[in-house]
Number of protein chains: 2
Amino acid sequence: MKQDRHVSPSVINRLPRYYRFLRDLLGRGVTRISSKELAELMNVTASQIRQDLNCFGGFGQQGYGYNVELLHKEIGSILGVDRLTPAVLIGAGNLGKTLANQVNLSTRGFRLIGAFDKSPAIIGTDLVGLTVQNIDSLEAFCRRYNPKAAIICIPKEAAAAMAGDLISWGIVGFWNFSSYDFTQNHQGVTAVNVHLGDSVMTLSYLIKHMDGFQEEAETEDDA
Amino acid sequence: MKQDRHVSPSVINRLPRYYRFLRDLLGRGVTRISSKELAELMNVTASQIRQDLNCFGGFGQQGYGYNVELLHKEIGSILGVDRLTPAVLIGAGNLGKTLANQVNLSTRGFRLIGAFDKSPAIIGTDLVGLTVQNIDSLEAFCRRYNPKAAIICIPKEAAAAMAGDLISWGIVGFWNFSSYDFTQNHQGVTAVNVHLGDSVMTLSYLIKHMDGFQEEAETEDDA
DNA sequence: TAGATTGTTAATCGATTAACAATC
DNA sequence: TAGATTGTTAATCGATTAACAATC
């Protein structure tokens with residue numbers, strides 16, 4: 001039990017990987033795992049796993065191993081995952097895929113907890129470690145996991161039609177764009193520049209407890 | 001003079017940074033630099049610089065230091081920069097900026113050597129280490145540096161109007177898109193998926209010595 | 001209790017820094 | 001030649017792996 005003390009950057013950098021493997025194990029119903037088993041799975045040494053985890057305190061138990069759920073939760077809280085706004089991706093076509101793969105959502109304050117599409121060709125495929133689900137199961141998903149934002153990558157009209165549902169399900173803000181980038185405004189607030197047709201709109205950053213969704217007009221010309 | 005031998009990944013990973021600093025020095029007319037000066041500039045130790053550079057052979061000279069131009073060229077050839085297709089970015093607005101920042105062009109076989117825009121607000125700004133230039137200087141730039149591809153992020157009509165010029169200046173292929181992503185086709189060829197309106201087109205990868213530009217139709221629906 | 005597996009200390013390996021003789 | 005600065009060897013530092021006593 002060392003708790004705080006100085007933790008090396010190498011260890012910190014490995015935590016997200018542990019987190020992902022544990023999430024997968026959890027998803028497959030595994031309740032306990034030894035450093036040896038996890039090591040084989042992740043292709044590292046058991047020694048390293050024990051050393052790494054011990055930087056934060058004794059999560060394991062001699063003769064037993066590690067409790068997958070507990071460990072997942074602990075690493076999540078170390079990573080500050082609980083401070084990120086849980087979001088769903090609606091529409092996992094080319095645009096949604098590009099966005100999920102190219103944009104570091106966690107540095108933007110978001111954590112993707114689910115991805116949805118209506119196309120049978122896309123449902124069931126993998127997207128940054130999540131399995132794309134049928135859009136029909138979105139409502140049930142929302143009731144269970146309470147996402148607080150939706151990133152919408154489907155045609156504009158369909159998105160507009162969906163807005164009422166999303167808000168009533170407790171998703172308090174969403175984006176819909178055909179192209180995007182991020183900037184900081186003069187107050188250091190991160191904003192999304194949304195490309196719609198020939199103009200660029202800046203949607204103010206979506207905040208967790210915002211009720212209803214809010215647009216900050218401010219239209220400029222593209223280059 | 002060790003030449004080849006095993007070079008550690010840490011060293012390899014630092015090379016692009018050396019390359020960028022040397023390019024900047026070159027741009028500012030600096031012809032020679034000592035490991036000590038470069039170390040201060042880059043915020044590393046002089047020792048590390050000498051160790052790193054010596055993995056590839058003695059580029060320096062005792063009592064003198066390193067020849068900036070030679071070193072820049074050498075590191076470039078180690079990085080295989082000369083195997084990448086030199087490309088210009090035309091239009092450095094929101095979309096161009098996003099593309100240059102988010103997409104690793106070098107892994108796609110491209111190397112950005114210049115960026116151009118017509119907006120006075122954008123000209124002179126920095127874009128991944130390049131200064132955005134006035135679009136009026138594009139022709140002169142092409143004659144001097146011979147880019148072989150152009151990534152075009154300006155309105156469609158303007159791009160179409162430009163095509164003739166680009167081809168006559170020796171730029172043999174170009175892209176114009178409002179949104180993009182990359183995929184591998186069944187033959188392992190990298191392709192660009194171009195989002196134009198509601199459909200997705202796949203433009204075949206632009207090859208260095210391709211003459212004229214070539215479209216591979218293949219239109220699909222977006223999700 | 002006996003077996004398993006952790007937490008932790010010691011050994012190894014690699015990467016960074018310091019030092020200095022070689023040499024331009 | 002004298003001064004500067006490299007190339008390179010030796011010393012240090014940190015991270016990974018091995019080993020094993022502690023303990024569930």
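From a predicted model like this one, the values you see are computed outputs, not experimental measurements. Letters A, B, ... are given to chains in the order of the sequence lines, protein chains preceding strands, and every chain is numbered from 1.
The distance between atom CD1 of B:Ile12 and atom C1' of C:dG14, rounded to the nearest whole Å, is 15 Å. The interatomic distance linking A:Arg32 (CZ) with C:dT5 (C1') rounds to 9 Å, in whole Å. For B:Leu38 and D:dG7, the CG to P distance is 13 Å, given to the nearest whole Å. Taking atom CD1 of B:Ile49 as the reference point, atom C1' of C:dT17 lies 13 Å away to the nearest angstrom. Protein atom CD1 of B:Ile33 is 17 Å distant from nucleotide atom P of D:dA4, rounded to whole Å. We find that CG of A:Asn54 is positioned 16 Å from P of D:dA15, with the value rounded to whole Å. Atom CG of B:Asn67 is separated from atom P of D:dT5 by 15 Å (rounded to the nearest Å). Regarding B:Phe56, its CZ atom lies at a distance of 13 Å from the P atom of D:dG7, rounded to whole Å.
Atom CD of A:Glu139 sits in a crowded spot, with more than 12 heavy atoms from other residues, nucleotides or ligands closer than 6.0 Å.
In this structure, A:Ser8 and B:Ser35 both approach DNA chain D, and ranking their closest nucleotides by distance from the 5' end singles out B:Ser35. Along DNA chain D, the nucleotide nearest A:Asp52 and the nucleotide nearest B:Glu37 are compared for position; the residue whose nucleotide lies closer to the 5' end is B:Glu37.
Nucleotide D:dC24 has C:dG3 as its partner under the Watson-Crick or G-U criteria, with both atom distances under 3.5 Å. Pairing of D:dA19, defined by two Watson-Crick or G-U wobble distances under 3.5 Å, is identified with C:dT8. C:dC13 is paired with D:dG14 under the Watson-Crick or G-U wobble criterion, all donor-acceptor distances under 3.5 Å.
Formation of a donor-acceptor pair under 3.5 Å by the B:Glu40 side chain with backbone atoms of B:Glu37 is not found in this model.
Across B:Ile49 and B:Ser35, no two heavy atoms sit closer than the pair CD1-O, 3.8 Å. Residues B:Asn13 and B:Pro16 share a closest heavy-atom pair of O-CD, 3.4 Å. Scanning both residues, B:His72 and B:Tyr19, for their nearest heavy atoms gives O-CE1, 3.3 Å. Among all heavy-atom pairs drawn from B:Ile122 and B:Ala92, the shortest one is CG2-O, 3.7 Å.
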Per-nucleotide protein contact along nucleotides 18-24 of chain C, 5' to 3', at a 4.0 Å heavy-atom cut-off (B base, S sugar-phosphate only, - neither), is BBB-BBB

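Under 4.0 angstrom from either OP1 or OP2 of C:dG7 there lies at least one side-chain N or O belonging to A:Tyr66.
Ring orientation note: the planes of B:Phe116 and B:Phe141 are nearly perpendicular, at an angle over 60° on the 30°/60° scale.
Closest contact between the side chain of B:Gln48 and the listed nucleotides C:dA15, C:dT17, D:dA15 involves C:dT17.
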